[in-house]
Undergrad: 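Supplied in structure tokens, the structure appears directly below.
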Amino acid sequence: MSNQNGDSLRPLRHSAAHIMAQAVLEVFPDAKLGIGPAIDDGFYYDFELPRPLTPDDLPMIESHMRASIAGKNEFVHGELSIEQARAKFKEQPYKLELVEAIARGELGTHGESESHPSETVSIYSHNGFTDLCAGPHVEETSDVPADAFKLMSIAGAYWRGDEKRPQLTRIYGTAWQSKKELDDYLWRLEEARKRDHRKLGKELQLFILPEEVGQGLPVWLPKGAQIRKLIEDYIYQNQVERGYQHVYSPHIGKKQLWITSGHWELYGDKMYAPMDIDGVEHLVKPMNCPMHMMVYKSQLRSYKDLPLRIAEIATVYRREQSGELTGLLRVRMITQDDAHIFVRPDQIHQEFINVIDQTLEQFRVFGFNDFQVTLSVRDPQHKEKYLGNDEQWQSAEQAIKRALDERDLSYIVEEGEAAFYGPKADFMIRDALGRKWQCTTIQVDFQLPQRFNLEYIDADGAAKQPVVLHRAPLGSMERFFAILIEHYAGAFPLWLAPVQAKIIPIADRHYEYAREVEKNLRAAGMRVELDERPERMNAKIRDAQLMKIPYMLVVGDKEAAGNAVAVRLRTGEDLKAMPLEQFIAMARRLVNAKSMELK
RNA sequence: GCCGGCGUAGCUCAGUCGGUAGAGCGUCGCACCUGUAAUGCGAAUGUCAUCAGUUCAAUUCUGAUCGCCGGCUCCA
């Protein structure tokens with residue numbers, strides 16, 4: 001979770017990490033130290049320990065930390081030559097590795113982002129403990145308030161993020177200026193957990209992930225499926241208005257399709273094992289690209305046909321690592337709002353703008369205004385890793401940059417993060433717990449047109465190669481739905497609410513009128529349910545409230561007499577009785593406007 | 001996949017220092033007929049994740065398996 005204090009809290013968190021490292025060394029004198037940076041909401045430190053750590057060990061480490069804090073020891077900054085550092089950290093193999101990396105210029109030496117070979121390393125010492133550290137730190141240990149830090153969890157983390165290196169024990173902690181800030185932070189975490197899509201998905205009966213079906217394979221329950229259908233209908237309509245043509249394609253196909261596309265070689269390990277069908281290997285489709293290439297090739301294309309926009313809300317299957325699966329955010333069945341746009345090189349820029357506009361429009365409709373854009377470009381040092389010539393890359397990267405600039409989007413450029421087939425722009429959204437997830441991707445592709453021999457006949461009569469734009473504005477239905485649930489905390493706007501209104505008769509004698517109301521609202525296109533359980537009105541209101549249903553329509557003697565409904569909003573507001581026709585008109589207006597409001 | 005934690009009724013959870021388990025909600029039945037967040041009474045409900053081992057006896061101890069949760073880029 002980011003916050004404005006992030007930077008000012010860095011020294012405090014850095015120091016807390018150091019105090020923790022010393023505490024761990026007091027408990028485990030043989031521990032080997034990895035790294036211990038300050039992070040968004042706290043700090044961590046990686047250790048190689050003689051035995052596995054359990055959460056029960058944390059209070060003991062915390063109490064060592066408190067003792068250290070009470071000692072009021074100064075943090076002293078120093079510099080060592082590489083030689084001195086090698087001697088100083090000779091018992092600490094991980095630190096030594098970092099010293100060598102700094103000497104070679106693979107790591108920044110003083111916190112700067114660029115790195116270059118260095119003659120010296122920066123160190124900090126307190127109370128006889130010296131650590132390799134760029135800093136900054138607080139003045140003394142007691143500047144870390146003893147009641148404003150907490151060790152949160154233990155995790156495994158590969159040394160320098162590399163699966164092939166040893167796995168160290170990571171201890172996560174959080175640290176703040178005051179106990180109140182810590183309590184606020186813990187409270188925010190608690191609130192975030194309340195809107196976790198996995199919890200709400202269960203409570204609101206939106207989806208399940210049955211063990212019997214398999215990991216990462218969701219089953220959408222009626223209410224969740226209703227919402228998804230509404231999202232898909234919106235996407236479909238929006239795309240038709242923007243000149244897209246929708247297609248359907250098979251869920252399996254010959255393996256050769258993905259060999260041709262190059263995906264098999266790169267992502268073969270993430271695909272489900274090929275199946276033999278009459279002696280020919282087939283794959284469950286891991287991406288749609290080849291299918292849409294077939295659509296393009298189904299006839300000879302003219303330059304006048306471009307851009308040709310081929311869309312499909314299509315499900316693909318990918319074998320994501322089991323440990324990476326998270327609710328609906330990371331699944332093995334992925335339904336993309338996919339499309340491939342075939343353009344002439346001179347159309348890349350305009351079409352990129354079109355897709356950006358489409359993405360922003362769609363996000364806005366769903367109530368999102370806060371995301372982070374990254375532009376992934378080629379690593380200029382290793383141009384050989386990418387397909388396509390300099391001119392193509394430069395013009396494509398420039399086209400994307402100009403498009404982002406023209407739409408006033410700030411973005412981070414990530415060199416070397418481009419796909420091998422072309423540059424891309426990604427949009428990230430945060431979930432309730434502050435984790436960032438990629439939704440949108442817009443990619444330029446020079447490779448597929450070549451691999452599939454795509455052509456169009458240009459104005460001069462010559463056959464030329466189109467460029468393909470891959471794009472998925474919302475990303476996947478699964479991930480987007482998860483983020484949507486958390487964004488609204490389950491209280492969906494009227495146009496998306498699976499049940500828009502609950503009809504609540506007060507007594508048995510009102511059932512007949514209640515059924516009439518139900519019939520009229522259904523006829524008016526509303527999604528309504530009638531609560532006919534033998535419960536009291538109060539209980540029915542409570543249950544509708546817990547299901548976050550936008551409207552509760554109470555009907556009793558008065559309403560039956562006046563062909564009315566008493567409208568209660570899920571916000572608790574009472575709109576009092578109004579004629580049924582008036583309620584329908586209000587709801588219809590709000591749905592058509594895709595409004596977030598309920599009145 | 002790897003490290004750590006967890007796995008008890010549909011849901012949320014308690015419990016058994018080894019003697020085959022309980023609450024609330026939900027479900028079902030009966031009564032109540034109610035005006036804006038839980039009416040009362042009664043009933044049913046579990047291979048205590050799975051499989052093996054130790055034991056007279058395992059839901060409890062041990063091991064394996066499956067699943068879930070947190071973590072595995074963020075500048076020593």
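Atoms considered below: every heavy atom in the structure, side chains included; atoms not considered: hydrogens, waters and symmetry mates. Here is the naming used below: chain letters follow the sequence lines, and residue numbers restart at 1 for every chain.
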Undergrad: If we take the P atom in both B/rG18 and B/rU59, what is their distance in whole Å?
TA: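 B/rG18 and B/rU59 have their P atoms separated by 14 Å.
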Undergrad: Between B/rC74 atom P and A/Arg13 atom CZ, what is the distance in whole Å?
TA: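 Whole-Å distance recorded here is 17 Å.
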Undergrad: For the pair made of NZ in A/Lys164 and C1' in B/rC72, what is the distance, rounded to whole Å?
TA: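 The answer, rounded to whole Å, is 14 Å.
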Undergrad: Mind checking the C1' distance from B/rC66 to B/rA49? Whole angstroms is fine.
TA: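 Roughly 8 Å separates the two C1' atoms.
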Undergrad: When you measure from the side chain of A/Thr174 to the backbone N and O of A/Lys150, does any donor-acceptor pair fall under 3.5 Å?
TA: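 No, A/Thr174 side chain to A/Lys150 backbone: no donor-acceptor pair under 3.5 Å.
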Undergrad: Let me know the distance between CZ of A/Phe207 and P of B/rC68, rounded to the nearest Å.
TA: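 Taking atom P of B/rC68 as the reference, CZ of A/Phe207 is at 12 Å.
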Undergrad: Less than 3.5 Å apart, any donor N or O on the side chain of A/Thr441 or A/Gln443 sitting next to an acceptor on the other?
TA: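 Yes, A/Gln443 and A/Thr441 have a side-chain donor paired with an acceptor closer than 3.5 Å.
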Undergrad: Please identify each residue that fulfils ring-ring contact (aromatic ring centres under 6.0 Å, His included) with A/Tyr158, with sequence neighbours left out.
TA: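 Residues passing ring-ring contact (aromatic ring centres under 6.0 Å, His included) with A/Tyr158: none at all.
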Undergrad: Looking at A/Arg198, I'd like to know whether one of its side-chain N or O atoms comes within less than 4.0 Å of OP1 or OP2 on B/rC69.
TA: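 So the side chain of A/Arg198 is within the cut-off, an N or O lying under 4.0 Å from OP1 or OP2 of B/rC69.
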Undergrad: Rounded off to whole Å, could you give me the CD1-to-C1' distance for the A/Ile39 and B/rC72 pair?
TA: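 These atoms are roughly 13 Å apart.
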Undergrad: For A/His510, what residues pass the side chain to side chain contact (heavy atoms under 4.5 Å, CB included) criterion, not counting sequence neighbours?
TA: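 Partners of A/His510 by the side chain to side chain contact (heavy atoms under 4.5 Å, CB included) criterion, ordered by chain and then number, come out as A/Pro505, A/Ile506, A/Ala507, A/Asp557.
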Undergrad: How does protein contact run along nucleotides 2-14 of chain B, one letter per nucleotide 5' to 3', with B for base contact, S for sugar-phosphate only, - for none, heavy atoms under 4.0 Å?
TA: BBSS-----SS--
Undergrad: Does anything in residues 27-35 of chain A reach RNA chain B, meaning a heavy atom under 4.0 Å, and if so which residues?
TA: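 Within residues 27-35 of chain A, the residues near RNA chain B are A/Ile35.
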Undergrad: Return the set of residues passing side chain to side chain donor-acceptor pair (under 3.5 Å) with A/Gln582 (not counting sequence neighbours), or none when no residue passes.
TA: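 For A/Gln582, no residue satisfies side chain to side chain donor-acceptor pair (under 3.5 Å) once neighbours in sequence are set aside.
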Undergrad: Dot-bracket notation for RNA chain B is requested: 5' to 3', Watson-Crick or G-U wobble pairs only, both distances under 3.5 Å, with ( ), [ ], | and . as defined.
TA: (((((((..((((.....[..)))).(((((.......))))).....(((((..]....))))))))))))....
Undergrad: Using the P atom on both, measure B/rA44 against B/rG29 and round to a whole Å.
TA: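 Taking atom P in both B/rA44 and B/rG29, they lie 15 Å apart.
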Undergrad: Given side chains that start at C-beta, do those of A/Arg533 and A/Asp543 come closer than 4.5 Å, heavy atoms only?
TA: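 A side-chain contact exists here, since the closest heavy-atom pair is under 4.5 Å.
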Undergrad: More 5' along RNA chain B: A/Gln321 or A/Leu325, using each one's nearest nucleotide?
TA: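 Going by which nucleotide is closer to the 5' end, it is A/Gln321.
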Undergrad: Using the C1' atom as the reference point in each nucleotide, state the distance between B/rU34 and B/rU16 in Å, no decimals.
TA: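 Per the computed distance, 44 Å lies between those C1' atoms.
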Undergrad: Just to be sure I understand the rule, does A/Ala38 reach a base, reach only the sugar-phosphate, or reach nothing, if contact means heavy atoms closer than 4.0 Å?
TA: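 Sugar-phosphate only.
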Undergrad: Distance between the P atoms of B/rG5 and B/rG63, in whole angstroms?
TA: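 Each nucleotide's P atom is 11 Å from the other's.
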Undergrad: Could you report the tightest heavy-atom contact between A/Tyr45 and A/Ala21, atom names first, then the distance?
TA: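 Shortest heavy-atom separation between A/Tyr45 and A/Ala21 comes out as CE1-CB, 3.6 Å.
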Undergrad: How far, in whole Å, is B/rC25 from B/rU45 if one measures between their C1' atoms?
TA: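 It comes out at 14 Å once rounded to the nearest Å.
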Undergrad: Round to a whole Å and report the spacing from CG of A/Asp196 to P of B/rG70.
TA: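 Interatomic distance, CG of A/Asp196 to P of B/rG70: 7 Å.
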Undergrad: Mind checking side chain to side chain contact (heavy atoms under 4.5 Å, CB included) for A/Ser322 and listing every partner two or more places apart, or none if nothing turns up?
TA: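 Per chain and number, A/Ser322 pairs via side chain to side chain contact (heavy atoms under 4.5 Å, CB included) with A/Gln215, A/Arg332.
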Undergrad: Looking at A/Tyr44, does the NZ or CZ of A/Arg170 lie under 6.0 angstrom from its six-membered ring centre and within 45 degrees of the ring axis?
TA: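 The answer is yes; both the distance and angle limits are met.
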Undergrad: Taking salt bridge (Lys or Arg N to Asp or Glu O under 4.0 Å) as the definition, give me every residue that meets it alongside A/Glu324, ordered by chain and number, with sequence neighbours left out.
TA: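 Salt bridge (Lys or Arg N to Asp or Glu O under 4.0 Å) list for A/Glu324, sorted by chain: A/Arg330.
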Undergrad: With a non-hydrogen cut-off below 4.0 angstrom, is A/His18 in contact with a base, only sugar-phosphate, or nothing?
TA: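 Counting heavy atoms under 4.0 Å across all strands, no contact is made by A/His18.
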Undergrad: With sequence neighbours excluded, give me every side chain to side chain donor-acceptor pair (under 3.5 Å) pair touching residues 49-60 of chain A.
TA: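 Of all non-adjacent pairs touching residues 49-60 of chain A, those that pass side chain to side chain donor-acceptor pair (under 3.5 Å) are A/Arg51-A/Asp57.
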Undergrad: Who are the side chain to side chain contact (heavy atoms under 4.5 Å, CB included) partners of A/Asp30, not counting sequence neighbours?
TA: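 Residues passing side chain to side chain contact (heavy atoms under 4.5 Å, CB included) with A/Asp30: none at all.
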Undergrad: Using whole Å, report how far CD of A/Gln205 lies from C1' of B/rC25.
TA: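 Atom CD in A/Gln205 sits about 14 Å away from atom C1' in B/rC25.
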Undergrad: Parallel, tilted or perpendicular: which one describes the rings of A/Phe481 and A/Trp220, with boundaries at 30° and 60°?
TA: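 Parallel.
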Undergrad: I'd like the C1' distance from B/rC56 over to B/rC11, given in whole Å.
TA: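 Nearest-Å result for B/rC11 against B/rC56 at atom C1': 38 Å.
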Undergrad: Would you indicate what A/Tyr172 reaches in the nucleic acid, counting non-hydrogen atoms under 4.0 angstrom: base, sugar-phosphate, or nothing?
TA: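 Sugar-phosphate only.
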Undergrad: Quote, to the nearest angstrom, the C1' distance that separates B/rC30 from B/rG35.
TA: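 Rounded to whole Å, the distance is 25 Å.
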Undergrad: Report, as a single string ordered 5' to 3', how protein heavy atoms within less than 4.0 Å touch nucleotides 33-38 of chain B: B base, S sugar-phosphate only, - not at all.
TA: BBBBBB
Undergrad: For A/Lys90, what residues pass the side chain to side chain donor-acceptor pair (under 3.5 Å) criterion, not counting sequence neighbours?
TA: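 Counting only residues at least two positions away or on another chain, A/Lys90 forms no side chain to side chain donor-acceptor pair (under 3.5 Å).
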Undergrad: Is the A/Tyr317 ring parallel, tilted or perpendicular to the A/Tyr272 ring (thresholds 30°, 60°)?
TA: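 Because their plane-to-plane angle is over 60°, the rings of A/Tyr317 and A/Tyr272 count as perpendicular.
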